[in-house]
Amino acid sequence: MKAINPLLLLVEDDPQFQMLLSTTLESQDYRVLTAATGQDGLITARNHQPNLLILDLGLPDIDGQEVIRRLRKWSDLPIIVLSARNQESEITQALDNGADDYLTKPFSTAVLMSRIKALLRRVTKMPGGTQEIFQVGELKIELTKRRVFVGEQEVNLTPIEFNLLCVLIRHAGFVVTHRQLLEKVWGPSYVEHSHYLRIYMGQLRHKLEADPARPRYLLTEAGVGYRLSEGEN
Ligand code: CA
């Protein structure tokens with residue numbers, strides 16, 4: 001039995017870019033729906049139940065942020081937002097509103113394709129739940145035993161370091177914002193304390209990375225948050 005190709009919804013108001021992107025996606029065997037306004041995007045999402053949404057944040061009618069907020073009231077559809085360059089605060093807000101990942105224009109098609117694949121894979125792998133071992137490169141984490149290894153060497157982490165690593169593992173391959181990390185590890189009243197994050201991320205890198213200044217696993221998304229590499233790219 002042949003699997004049905006995933007259905008993607010692209011909400012983008014620039015007609016040339018919309019055309020270019022939908023042609024590219026179709027060439028990769030995705031089925032593509034398009035909308036040029038936020039309102040039309042929301043209606044199309046409701047009527048067609050796509051597998052993934054690619055959302056430009058700058059739209060002519062309702063703001064992309066508002067599209068995410070309205071959509072998240074009834075849907076957990078994976079969302080990748082597209083943003084203009086140097087709009088970190090906008091990206092952070094979109095992620096905190098419930099978007100799953102982002103790309104800054106201009107972006108490479110290869111990166112977009114790998115993000116789409118990763119998100120679709122995460123959705124299909126979600127039921128069944130908790131994994132026992134997370135592994136990438138030399139790094140191995142036994143989650144229920146709370147043990148961490150770099151190669152053969154066991155590494156001791158403090159409880160906060162371990163919890164921070166766990167949040168990143170749960171979102172492996174995806175960006176997690178400063179606010180989300182602070183809230184999940186320290187609690188809701190700590191969301192402004194981003195210096196905690198810098199300190200603990202520095203310690204984690206020191207313990208887990210061969211070269212903490214040029215991390216392979218714990219990647220910085222400048223101005224936005226952190227991403228744990230899944231080993232691809
Ligand atoms: Ca736009």
Side-chain angles (χ1 to χ4, degrees), residues 5-123 171 173-181 219-227 232-233:
N5 295 335
L7 179 65
L8 312 184
L9 169 59
L10 170 62
V11 181
E12 165 63 70
D13 60 318
D14 176 340
Q16 269 186 321
F17 190 69
Q18 189 198 83
M19 173 72 85
L20 180 74
L21 202 50
S22 61
T23 308
T24 308
L25 293 166
E26 276 162 352
S27 76
Q28 303 288 314
D29 287 337
Y30 291 111
R31 294 177 297 143
V32 182
L33 293 166
T34 55
T37 64
Q39 200 62 258
D40 192 23
L42 283 167
I43 293 166
T44 310
R46 199 181 271 279
N47 291 345
H48 296 272
Q49 306 281 325
N51 302 104
L52 185 141
L53 168 64
I54 301 168
L55 174 69
D56 181 30
L57 287 175
L59 294 170
D61 56 340
I62 44 175
D63 185 34
Q65 307 286 357
E66 185 58 25
V67 174
I68 300 169
R69 277 192 289 268
R70 290 196 201 169
L71 202 62
R72 279 290 174 257
K73 289 185 183 156
W74 58 271
S75 168
D76 54 7
L77 168 71
I79 303 173
I80 299 176
V81 294
L82 307 179
S83 161
R85 202 194 272 279
N86 297 327
Q87 299 284 314
E88 280 103 357
S89 61
E90 195 180 59
I91 292 162
T92 305
Q93 198 193 343
L95 294 166
D96 287 333
N97 282 337
D100 297 279
D101 213 332
Y102 75 96
L103 286 169
T104 308
K105 293 176 180 177
F107 50 82
S108 88
T109 308
V111 173
L112 174 64
M113 292 308 156
S114 79
R115 296 282 163 81
I116 292 172
K117 269 192 210 143
L119 264 177
L120 292 174
R121 200 167 55 228
R122 189 182 69 172
V123 171
H171 298 83
F174 301 94
V175 63
V176 189
T177 66
H178 298 137
R179 190 186 179 85
Q180 289 165 341
L181 285 167
L219 310 177
T220 296
E221 298 276 323
V224 176
Y226 296 92
R227 183 191 302 264
E232 294 171 3
N233 298 321

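Since we're looking at a predicted model, the values are computed, not measured. All ligand and atom numbering here is 1-based and tracks the order in the structure.
Excluding waters, the protein N/O/S atoms found under 3.0 Å from the Ca ion (ligand 1) are D13 OD1, D56 OD2, G58 O.
For M19, the CE atom is loosely surrounded, since the number of other residues' heavy atoms within 6.0 Å does not exceed 12.
Between Q39 and the options V67, D61, L59, T44, a side chain to side chain contact (heavy atoms under 4.5 Å, CB included) holds for only D61. Just one of L55, L8, D100, I116 meets the side chain to side chain contact (heavy atoms under 4.5 Å, CB included) condition when paired with I80; it is I116.
Distance alone, capped at 3.5 Å, is enough to place a donor-acceptor pair between the Q180 side chain and the T177 backbone. The backbone N or O of F174 sits nowhere less than 3.5 Å from a side-chain atom of D101 that would complete a donor-acceptor pair. Not one N or O on the side chain of R227 forms a donor-acceptor pair closer than 3.5 Å with the backbone of L219.
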